[in-house]
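Data first, discussion second: the structure below is written as structure tokens.
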Amino acid sequence: SRLLLVPHARFICLLAMAEVEATTPAAAAPAMEEPTAPEAAVAAPAPPPPPQADAAATAGGEEENMAVDSEGVGEAEAPSAEAAPAAPEPPKAPEPPKELEEDAPTAKGKKIGEVVSFLASDTTLNVLPSVHGNVLMALSDGGLQHFLAGARGNVGVKSGRYMFEVKILEILNPSQTTRDGQSGRTRPVLKVGLATQGSCLFLGDTEDSVCFDSDGQYTSAKSSAMAVPRFAREQVYSVVVNLDDGSPNAHTISLFRDGVRMCQPQKLPEALKGKPLFPAVTYRNLTVQVNFGAESMTKLPFSCRMIQDASVADAKVLAAPKPKDGKYEVVFPCFLPDEGTFDWLDMWLEKNPDYTELSERMILSWAQKSGLFRQKGYDWKSSNDKPGMQFGVQALDDLTVCEILKTVAPVLERNLIVMEVKANLIKDDREALAKRFALTIVRRW
């Protein structure tokens, strides 16, 4: 009964105080009296804990809160990680096709004894071959830096599988001067491949050759398509020709860089099948090394014989015809103007392929094959004898290039035919030109 009255009395007291506060202004409100003992027993707060206990409790609470927060974060992140979609795996690069070429069998039979090299008659007039090592340079003065240089080896492959290597030793940047005084550069070029005997010395220009070029294109039957990465200096490029009928890569050509395949085997065109294929290079503003063997500069994934190691049964060897008295021949045809002079010249060169034409017509054709832009196009010409250059390049338009070729040609080991219709008819002009060929036999027709 007493326990029930105490809270009841407190309730009545609190109501009375609330009524007094409601009717009395706040400024005049008397101070609250100390609560009675029963009220103090009910309203007094719990005594503060000892300092050590309080600190321990606080620390424990913080640790508990940290544990809860840590657990809470973990529990909150787990569903997020599970709900987020997994990132798709990047597509795997396709595995390269299996190498079908196998190690070369042990060589049987007699091997060729001739040294694989470049014959003078199978090179353009601007090619400068080294005495040893098959290093090729090209003339680059007097406008010749614009012209392609071509060279074809003297040993062709007609069966089996063989290789040769090419390496860029030097990249040249000769300048040019146009007629308006502007200067510019001619882009370096390298083409490596195969060609038939007597074909054009510029790879890819006719259907008688196939090649890979420094821009990454493969040219076959005068059609080009991207096939390999661009060429770079000081890298060894290996050209492998497979003419083995029993091989899965029969009648193909492949290119390797520093021993790594650059592309899948490329089929040879039908026009080349059954013919001996000779190694060849076409270049401009470069110094290149061509290695025919017998040892390679780099190792392929399979063993392959070099062209210098070719068997007699697999190869065709060409020999340079040597003049009996040690002197080569230069011919000066004499014709009346516009009497079929150049038609006769075309027929004569077809019957005498070991002769090299030296004329302005030849230079104009050479420039076209080298990709030079001519202001009036190549169909325009002022005359057959003097067609005119019209390139907008000083060294070409003023015929400096012609004078340089006439200076270089006499020291080359080759037969020449000089076609200058007017100059060949005039005795003084003909004799002045013939004096440049003191080491050759001069013939006048």
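Just so it is clear, the values below take in all heavy atoms, side chains as well, and ignore hydrogens, waters and symmetry mates. Remember, predicted model here, so these are calculated numbers, not experimental data.
Within the 3.5 Å criterion, the main-chain N or O of M306 finds no donor-acceptor partner in the side chain of Q308. No donor-acceptor pair closer than 3.5 Å links the side chain of N154 to the backbone N or O of L119. A donor-acceptor pair under 3.5 Å links the side-chain atoms of R374 to the main chain of W380, judged by distance alone. Without hydrogens or angle criteria, T219 side chain to K222 main chain gives no donor-acceptor distance under 3.5 Å. For S223 (side chain) and S220 (main-chain N/O), no donor-acceptor pair under 3.5 Å exists by modelled atom type. Remark: the backbone N or O of L372 is not paired with any side-chain donor or acceptor of S370 at under 3.5 angstrom. Proximity of a side-chain donor or acceptor of S121 to a complementary backbone N or O of D354 within less than 3.5 Å is not detected. Here the side chain of R284 pairs a donor or acceptor atom with the backbone of H146 at under 3.5 angstrom. Distance alone, capped at 3.5 Å, is enough to place a donor-acceptor pair between the T407 side chain and the E403 backbone. Distance alone, capped at 3.5 Å, is enough to place a donor-acceptor pair between the R430 side chain and the N424 backbone.
The CG atom of L125 lies 9.0 Å from the CG atom of L144; values are rounded to the nearest 0.5 Å. Separating the CD1 atom in I426 from the CG atom in L433 is a distance of 12.0 Å, to the nearest 0.5 Å. Atoms OG1 and CG, on T356 and L405 in that order, are 11.0 Å from each other to the nearest 0.5 Å. Distance check, rounded to the nearest 0.5 Å: CG of L128 to CG of L139 gives 4.5 Å. To the nearest 0.5 angstrom, N415 atom CG is 9.0 Å from N352 atom CG. The structure places CZ of F147 at 9.0 Å from CZ of F202, a figure rounded to the nearest 0.5 Å.
The shortest heavy-atom contact between I253 and G193 is CD1-CA, 4.4 Å. Of all the heavy atoms in G388 and L364, the pair that sits closest is O-CD1, 4.0 Å. In terms of heavy-atom proximity, L318 sits nearest to D122 at CD1-OD2, 4.4 Å. Smallest separation of non-hydrogen atoms from V312 and I112: CG2-N, 3.8 Å. Nearest heavy atoms, M163 versus L300: SD-CD1, 3.7 Å. Summarising the geometry of F278 relative to G153, their closest heavy-atom pair is CD2-O, 3.4 Å, with the distance given to 0.1 Å.
Counting heavy atoms from C-beta outward, C211 and T282 have side chains that stay 4.5 Å or more apart. Looking at heavy atoms from C-beta onward, V189 lies out of side-chain contact with N285 at the 4.5 angstrom threshold. Contact annotation: the side chain of V157 never approaches that of P276 to less than 4.5 Å [non-hydrogen atoms, C-beta and beyond]. A 4.5 Å side-chain heavy-atom check between V330 and I417 finds every atom pair outside the cut-off. For the pair W366 and T124, the minimum side-chain heavy-atom distance is below 4.5 Å. In this structure, L277 and L268 have side chains that are in contact, with non-hydrogen atoms separated by less than 4.5 Å. Contact check for F437 versus K406: no side-chain heavy atoms found under the 4.5 Å cut-off. Looking at L243 and R161, their side chains never come closer than 4.5 Å, going by heavy atoms from C-beta outward.
Checked by atom type, the side-chain pair S311/R305 shows a donor-acceptor distance below 3.5 Å. For D244 and H251, the side-chain atoms include no donor-acceptor pair closer than 3.5 Å. The closest side-chain donor-acceptor pair between T287 and E170 falls under 3.5 angstrom. There is a side-chain donor-acceptor pair under 3.5 Å between Q197 and K316. Looking only at atom types and distance, the side chain of N249 has a donor-acceptor partner in the side chain of E101 under 3.5 Å away. Side-chain atoms of S159 and D314 form a donor-acceptor pair, as typed in the model, at a separation below 3.5 Å.
With salt bridges taken as basic N to acidic carboxylate O contacts below 4.0 Å, none links K422 and D385. Salt-bridge formation is not detected for the pair K191/D205: no Lys NZ or Arg NE/NH1/NH2 atom is positioned less than 4.0 Å from an Asp or Glu carboxylate oxygen. By the 4.0 Å N-to-carboxylate-O rule, E329 lies too far from R414 to be salt-bridged with it. Salt-bridge check for D215 with R230: passed, with a basic side-chain N closer than 4.0 Å to an acidic carboxylate O. Taking a cutoff of 4.0 Å between a charged side-chain nitrogen and a carboxylate oxygen, E420 and K386 qualify as a salt bridge.
Environment of CD in E102: sparse, with no more than 12 heavy atoms of neighbouring residues, nucleotides or ligands closer than 6.0 Å. Counted within 6.0 Å of CG on D338, heavy atoms from surrounding residues, nucleotides or ligands total 12 or fewer; the atom is thus considered open. Open room surrounds CG on D141; 12 or fewer heavy atoms of other groups in view lie less than 6.0 Å from it.
Relative orientation of the Y237 and F231 rings is parallel, given thresholds of 30° and 60° on the angle between their planes. In this pair, Y218 and F212 present their aromatic rings tilted. The plane angle is within the 30 to 60° band.
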Show the numbers, then the answer: is there a side chain to side chain contact (heavy atoms under 4.5 Å, CB included) between T196 and S209? CA-CA 7 Å; T196 58; S209 62; over 6 Å; no
Run the side chain to side chain contact (heavy atoms under 4.5 Å, CB included) test on L194 and L272 for me, step by step, so that the C-alpha distance in whole Å, both residues' side-chain angles and the decisive distance to 0.1 Å come before the verdict. CA-CA 9 Å; L194 304 166; L272 300 186; 5.7 Å; no
Would K167 and V288 count as a side chain to side chain contact (heavy atoms under 4.5 Å, CB included) here? Give the steps. CA-CA 6 Å; K167 182 178 181 180; V288 297; over 6 Å; no
Does E413 form a side chain to side chain contact (heavy atoms under 4.5 Å, CB included) with Y328? I'd like the steps, not just the answer. CA-CA 7 Å; E413 295 181 350; Y328 290 88; 3.6 Å; yes
Output, in order, the C-alpha distance, side-chain angles, deciding distance and verdict of side-chain hydrogen bond (donor to acceptor under 3.5 Å, both in side chains) for R261 and S254. CA-CA 8 Å; R261 179 181 284 278; S254 299; 3.1 Å; yes
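A side chain to side chain contact (heavy atoms under 4.5 Å, CB included) with S247 is found for exactly one of T252, N242, L100, namely N242. Each of L416, V418, L345 was compared with E357 under the side chain to side chain contact (heavy atoms under 4.5 Å, CB included) criterion, and only L345 meets it.
Among pairs with a residue in residues 280-299, those fulfilling ring-ring contact (aromatic ring centres under 6.0 Å, His included) read F118-F292, at least two apart in sequence or across chains.
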